[in-house]
Protein chains: 2
Amino acid sequence: MQFAPERDATIIVVDDDPGIRASLDSLFRSLDLRVKTYSDPSEFLASDLPSGDCCLILDVRLKASDGLEFQASLGQSGINIPIIIITGHGDIPMTVKGMKAGAVDFLAKPFTDEAILHAMGNALKASRRMRQIAQERTEIEQRYERLSAREREVMALVASGLMNKQIAGRLELSLITVKIHRASAMKKMEAESLAEFVRIAEFLGIRDESITRYHKNG
Amino acid sequence: MQFAPERDATIIVVDDDPGIRASLDSLFRSLDLRVKTYSDPSEFLASDLPSGDCCLILDVRLKASDGLEFQASLGQSGINIPIIIITGHGDIPMTVKGMKAGAVDFLAKPFTDEAILHAMGNALKASRRMRQIAQERTEIEQRYERLSAREREVMALVASGLMNKQIAGRLELSLITVKIHRASAMKKMEAESLAEFVRIAEFLGIRDESITRYHKNG
DNA sequence: TGGCGCATTAAACCAAAGTACAATAGTCCT
DNA sequence: AGGACTATTGTACTTTGGTTTAATGCGCCA
């Protein structure tokens, strides 16, 4: 497997060691990749996120802050970038913590060009996957936001397998009203079949709580 | 969070150091957990797998064989046990490799009782989750095996969102035949609604290849 | 060879889903 | 006040879906 980084990919380096920043910068630039370097997480946060695929190469030991904490905060704030952690003075517990927190790789300094490029390749692949899924999720969530409250109720019950008549009973509506909301919901969600509608609901985790039949896990 | 290991859990220790085996054995037994110790992976493989929740505490450095390779071979052969790796002479690359391969935790010797118990608690939780999912998958696969070839074809097309009439066209069958197979498939899969039927198909990854509409990833 | 399961189809029928047109009423914004 | 959106229901009609009963043909197994 060779290094075949996607075009328009951006490598972000956060390390307070200017030497590391410079050497990584020249390494990636020699492969026609965009590179942004920062000496501190706050600098990175103040900047715009790249639009295309990207990955973050992060030093765990930073003067001002802790790289692992920064990693955790990124994860919590929904910023989803594959992270390669590098360290000059790492140990096993730190490595475990970083990997558990979802790092794609964890490299001890000094590392070879080959090692960081290999890690970068995997990270960009992960970025691609994550972005695709995130994009799909965003699209579907935007559609879902356009549903009215009633339509959402009906959608949840339809996805739970209830018949229109049963839904009408639960919501104390007439059968026709349910049909209207159901059709409207399917149209807004751009579902062309009930099967697709169910899968979309599943993807969004929408199901009526009172109906437990099958599949809490997934 | 306290240590609340499930009852009937089994801890498997594979380490060629008799001292480690003895101390882990007494530690876990003091908590009323079942323990099985082995000095070598082959010994463990020759024994029966525990029926309840369990986890494997594995030393990476074994006289006869490599713990990481053993870990990989377990994963490939479908044996699904949460693994806690322990090591006397570990380094970062080894830790990364172990974690990437799915280890629940990675501890450097010497470790405290608290550390190994904490790891064990997480491992048993993972075991519980994995076993539940595996059991559900097995049940559903067994049901699926009872379907005839035709019923499977029809199921795939139903799950893809096609109407009975369209399915009949594709398979060159009459409408009634499709309805019969569809009803039979739903009965055998124990699906009480189309929504449930679709979710079961999704769970099994069943979809007609010629129908790409929505959701390759998930 | 007779029974069993599978596959196939038909006729007839009922239930459910979907659609079209029409109407009323409330809210929110301009 | 008028317009837009949502919610609601009704009637009427068409299309699908689902079930029952019945029949035919095939391959397999005891």
Side-chain angles (χ1 to χ4, degrees), chain A residues 140-202 204 206-208 210-211 213-214, chain B residues 141-202 204 206-208 211 213-214:
Chain A
I140 293 180
E141 280 171 353
Q142 281 174 351
R143 291 178 203 163
Y144 185 67
E145 281 171 14
R146 294 210 301 271
L147 299 201
S148 68
R150 272 299 196 207
E151 286 163 351
R152 291 180 193 187
E153 286 182 291
V154 171
M155 180 174 178
L157 293 170
V158 168
S160 301
L162 269 64
M163 290 182 305
N164 288 343
K165 193 195 287 183
Q166 298 173 296
I167 297 172
R170 290 208 176 210
L171 301 181
E172 294 184 308
L173 295 174
S174 80
L175 184 56
I176 309 95
T177 307
V178 173
K179 288 184 182 181
I180 299 287
H181 288 318
R182 177 178 185 155
S184 175
M186 283 186 64
K187 186 171 188 177
K188 287 184 182 175
M189 297 309 292
E190 296 175 26
E192 290 181 352
S193 67
L194 178 56
E196 202 180 343
F197 196 56
V198 169
R199 277 195 293 273
I200 291 173
E202 188 75 7
L204 290 173
I206 295 166
R207 195 100 56 86
D208 195 276
S210 64
I211 298 163
R213 176 105 186 125
Y214 191 67
Chain B
E141 279 172 353
Q142 281 175 351
R143 291 178 204 162
Y144 185 66
E145 282 172 13
R146 296 210 304 271
L147 299 202
S148 68
R150 272 299 196 207
E151 286 162 352
R152 291 178 195 188
E153 286 182 291
V154 172
M155 180 174 179
L157 293 170
V158 168
S160 302
L162 269 64
M163 290 183 307
N164 288 342
K165 193 194 288 185
Q166 298 173 295
I167 297 171
R170 290 209 175 209
L171 301 180
E172 295 184 307
L173 295 174
S174 79
L175 185 56
I176 308 97
T177 307
V178 173
K179 289 183 181 182
I180 299 286
H181 288 317
R182 176 178 186 155
S184 175
M186 283 187 65
K187 185 170 187 178
K188 286 184 181 174
M189 298 307 294
E190 296 175 26
E192 290 180 353
S193 67
L194 178 56
E196 202 181 342
F197 196 56
V198 169
R199 277 196 293 274
I200 291 174
E202 187 75 6
L204 290 173
I206 294 167
R207 196 100 54 87
D208 194 277
I211 299 162
R213 177 106 185 122
Y214 190 68

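Below, chain A is the first sequence line, B the second, and so on; all start at residue 1.
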- Task: Evaluate the side chain to side chain contact (heavy atoms under 4.5 Å, CB included) criterion for residues B/E202 and B/R207: first the C-alpha distance (whole Å), next the side-chain angles of each, then the deciding distance (0.1 Å), finally the verdict.
- Result: CA-CA 8 Å; B/E202 187 75 6; B/R207 196 100 54 87; 3.0 Å; yes
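- Residue A/N164 places none of its side-chain N or O atoms closer than 4.0 Å to OP1 or OP2 of C/dA16.
- Taking CZ from A/R199 and CE from A/M189, the interatomic distance works out to 13.5 Å, rounded to the nearest 0.5 Å.
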- Item | Worked check of side chain to side chain contact (heavy atoms under 4.5 Å, CB included) between B/L171 and B/V178 | CA-CA 9 Å; B/L171 301 180; B/V178 173; 5.6 Å; no
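- For B/A159 against A/A195, the heavy-atom pair with the smallest separation is O-CB, 3.4 Å.
- In this structure, the nucleotide among C/dT9, D/dT8, C/dA16 sitting nearest to the side chain of B/L173 is C/dT9.
- Using a 4.0 Å heavy-atom criterion, one finds that A/L175 contacts no nucleic acid atom at all.
- With distances taken from any side-chain atom of B/S148 to the nucleotides C/dT8, C/dA7, D/dT9, the minimum falls on C/dA7.
- Between A/R143 atom CZ and A/E190 atom CD the span is 4.0 Å, to the nearest 0.5 Å.
- Taking atom NZ of B/K187 as the reference point, atom P of C/dC6 lies 12 Å away to the nearest angstrom.
- Comparing B/R146 and B/V178 by the nucleotide of DNA chain C whose heavy atom lies nearest to each, the residue mapping closer to the 5' end is B/R146.
- For B/R150, counting side-chain heavy atoms from C-beta on, the closest listed nucleotide (C/dT19, C/dA7, D/dG17) is C/dA7.
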- Message: Applying salt bridge (Lys or Arg N to Asp or Glu O under 4.0 Å) to B/E153 and B/R150, what does each step give before you reach the verdict?
- Response: CA-CA 5 Å; B/E153 286 182 291; B/R150 272 299 196 207; 2.9 Å; yes
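- In terms of phosphate contacts, A/K165 brings a side-chain nitrogen or oxygen within less than 4.0 Å of OP1 or OP2 of C/dA16.
- Taking CD1 of B/I180 as the reference point, atom CD of B/E151 lies at 10.5 Å (rounded to 0.5 Å).
- When rounded to the nearest whole Å, the span between CG of A/L157 and P of C/dA17 equals 13 Å.
- For the helix from C/dT1-D/dA30 to C/dT30-D/dA1, the end axes, each set by the C1' atoms of five terminal pairs, are bent relative to each other by 40° (nearest 10°).
- At D/dG18, one or more side-chain N or O atoms of B/R182 fall inside 4.0 Å of OP1 or OP2 (strictly under the cut-off).
- Nearer to the 5' terminus of DNA chain C, by closest-nucleotide assignment, is the contact made by B/E151 (compared with the other of B/E151 and A/L194).
- Rounded to an integer number of Å, the gap from B/M163 CE to D/dT14 C1' is 13 Å.
- At a threshold of 4.5 Å between non-hydrogen side-chain atoms, the residues B/L194 and A/V198 do not count as touching.
- The separation between A/L162 atom CG and C/dA16 atom P is 12 Å, rounded to whole Å.
- Interatomic distance, A/R182 CZ to A/M155 CE, rounded to the nearest 0.5 Å: 11.5 Å.
- Listed nucleotides: C/dA7, C/dT9, C/dA17. Nearest to the side chain of B/S174: C/dT9.
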Interface polar pairs with nucleotides 21-28 of chain C, N/O, under 3.5 angstrom:
none

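- The phosphate of D/dT8 (OP1 or OP2) has no side-chain N or O of A/T177 nearer than 4.0 angstrom.
- For B/H181 and C/dT8, the shortest distance from a side-chain N or O to OP1 or OP2 is below 4.0 Å.
- Atom-to-atom, CD of A/E192 to P of C/dG18 comes out at 14 Å; the value is rounded to the nearest Å.
- Between B/Y144 and B/R152, the shortest heavy-atom contact is O-NH2, 3.2 Å.
- Distance A/K179 NZ to C/dA20 P: 13 Å, rounded to the nearest Å.
- Nearest nucleotide to the side chain of A/I176, out of C/dT8, D/dG10, C/dA17: D/dG10.
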